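Got a structure here, written out as structure tokens. Questions coming.
All values reported here derive from a predicted model rather than from experimental measurement.
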Amino acid sequence: KKISDILENSAPKPGVPADLQNLLSQHFGESRSVIEIEELKLSDSCFLPANDLTHSFSSYLKEICPKWAKLRKNHKEKKSVVMLVICSSALRSLELIKSMTAFKGDCRVLKLFAKHIKIKEQMNMLEKGVFHIGVGTPGRVKALVEQDGLCLNSTKYMILDWNWRDQKLRRMMDIPEIRKETIDLLEMCIIKLCREGSVKLGLF
């Protein structure tokens with residue numbers, strides 16, 4: 001059976017924190033010790049309410065982040081964003097940016113994907129200006145963090161575009177390369193920040 005056949009016949013189910021936990025356990029299950037896997041576990045308090053599939057992107061963001069206007073006003077740091085949105089492709093990033101218009105108001109959004117945009121350009125923009133939201137792919141976000149172009153100390157929310165399906169009905173975690181890059185990004189810094197309580201994870 002192909003994965004698309006299975007997906008076609010299964011009704012969409014909203015993602016929940018346990019889905020991400022299981023994914024991490026499966027991914028590291030064979031290569032890590034029990035103690036190392038424990039280190040990657042996130043308690044439910046690290047998560048924002050998950051999208052129950054009734055929300056538009058803007059209405060979901062308004063629900064999980066009611067104090068956005070205040071957060072946005074107080075954010076003055078360069079090289080950082082308050083909210084990071086991770087999705088599977090440049091095209092999907094642009095769709096999400098369009099669909100958050102009602103939520104974002106006049107805040108500045110930065111595209112964080114590799115298609116047609118050099119990493120140096122993104123680093124320069126982050127260094128020179130203050131941006132509130134970054135939307136992009138896990139590979140490019142990870143590269144920016146590794147090259148010290150993006151600092152996550154001011155980041156309060158990380159949203160994974162969990163439920164959306166592409167033309168082949170795959171979610172971002174069904175695409176091996178995107179799944180690996182997302183897990184690498186989580187392991188590199190996000191899980192630690194979640195456990196410390198500074199970042200909350202949302203599954204849209």
Inter- and intrachain pairs under side chain to side chain donor-acceptor pair (under 3.5 Å), touching residues 90-99, at least two apart
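Residue pairs with at least one partner in residues 90-99: Arg92-Glu95, Arg92-Asp161.
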For the residue pair Trp68 and His132, categorise the inter-ring angle as parallel (less than 30°), tilted (30 to 60°) or perpendicular (more than 60°).
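It falls in the perpendicular class, over 60°.
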So, do Phe113 and Cys87 sit near enough that their side-chain heavy atoms are less than 4.5 Å apart?
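No, every pair of side-chain atoms sits at 4.5 Å or beyond.
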Qualifying salt bridge (charged side-chain N to carboxylate O under 4.0 Å, His left out) pairs with a residue from residues 14-27, counting only residues at least two apart or across chains:
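As it turns out, there is no salt bridge (charged side-chain N to carboxylate O under 4.0 Å, His left out) pair with a partner in residues 14-27 once direct neighbours are skipped.
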Restricting to pairs with a member in residues 169-204, which pass ring pair (Phe, Tyr, Trp, His ring centres under 6.0 Å), not counting sequence neighbours?
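Matches after skipping sequence neighbours: Phe57-Phe204, Tyr60-Phe204.
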Of all heavy-atom pairs between Ile117 and Glu121, which one has the smallest distance, and what is that distance?
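Smallest heavy-atom distance, with atoms named: CG2-OE1, 3.9 Å.
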What's the verdict on side chain to side chain contact (heavy atoms under 4.5 Å, CB included) for Met123 and Leu126, showing C-alpha distance, side-chain angles and the deciding distance?
CA-CA 5 Å; Met123 287 170 84; Leu126 280 159; 5.6 Å; no
Where Leu112 and Gly134 come nearest, the two heavy atoms and their spacing:
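Closest approach of Leu112 to Gly134, heavy atoms only: CD1-CA, 3.7 Å.
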With no hydrogens and no angle check, just 3.5 Å: does a side-chain donor-acceptor pair link Ser43 and Ser45?
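Yes.
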What side-chain donor-acceptor pairs closer than 3.5 Å can you find for residues 142-159, not counting sequence neighbours?
from, atom 1, to, atom 2, distance (Å)
Ser154, OG, Glu77, OE1, 2.6
Ser154, OG, Ser80, OG, 3.4
Thr155, OG1, Val81, O, 2.9

Per the salt bridge (charged side-chain N to carboxylate O under 4.0 Å, His left out) rule, what does the pair list look like for residues 103-120, sequence neighbours excluded?
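For residues 103-120, and leaving out neighbouring residues, the salt bridge (charged side-chain N to carboxylate O under 4.0 Å, His left out) pairs sorted by first residue read Arg72-Asp106.
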What is the minimum heavy-atom distance between Ile175 and Ser88, and which atoms define it?
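Reported closest heavy-atom pair: CD1-CB, 4.2 Å.
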Please report the shortest heavy-atom distance between Val141 and Leu84, naming the atom on each side.
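Shortest heavy-atom separation between Val141 and Leu84 comes out as CG1-CD2, 3.9 Å.
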Taking distance alone, no hydrogens or angles, what donor-acceptor pairs closer than 3.5 Å link side-chain atoms of residues 181-197 to residues at least two apart or in another chain?
from, atom 1, to, atom 2, distance (Å)
Thr182, OG1, Ile178, O, 2.7
Asp184, OD2, Lys180, NZ, 2.7
Glu187, OE2, Arg32, NH1, 2.6
Glu187, OE2, Arg32, NH2, 3.2
Lys192, NZ, Glu196, OE2, 2.8
Arg195, NH1, Glu38, O, 3.0
Arg195, NH1, Glu39, O, 2.4
Arg195, NH1, Lys41, O, 3.2

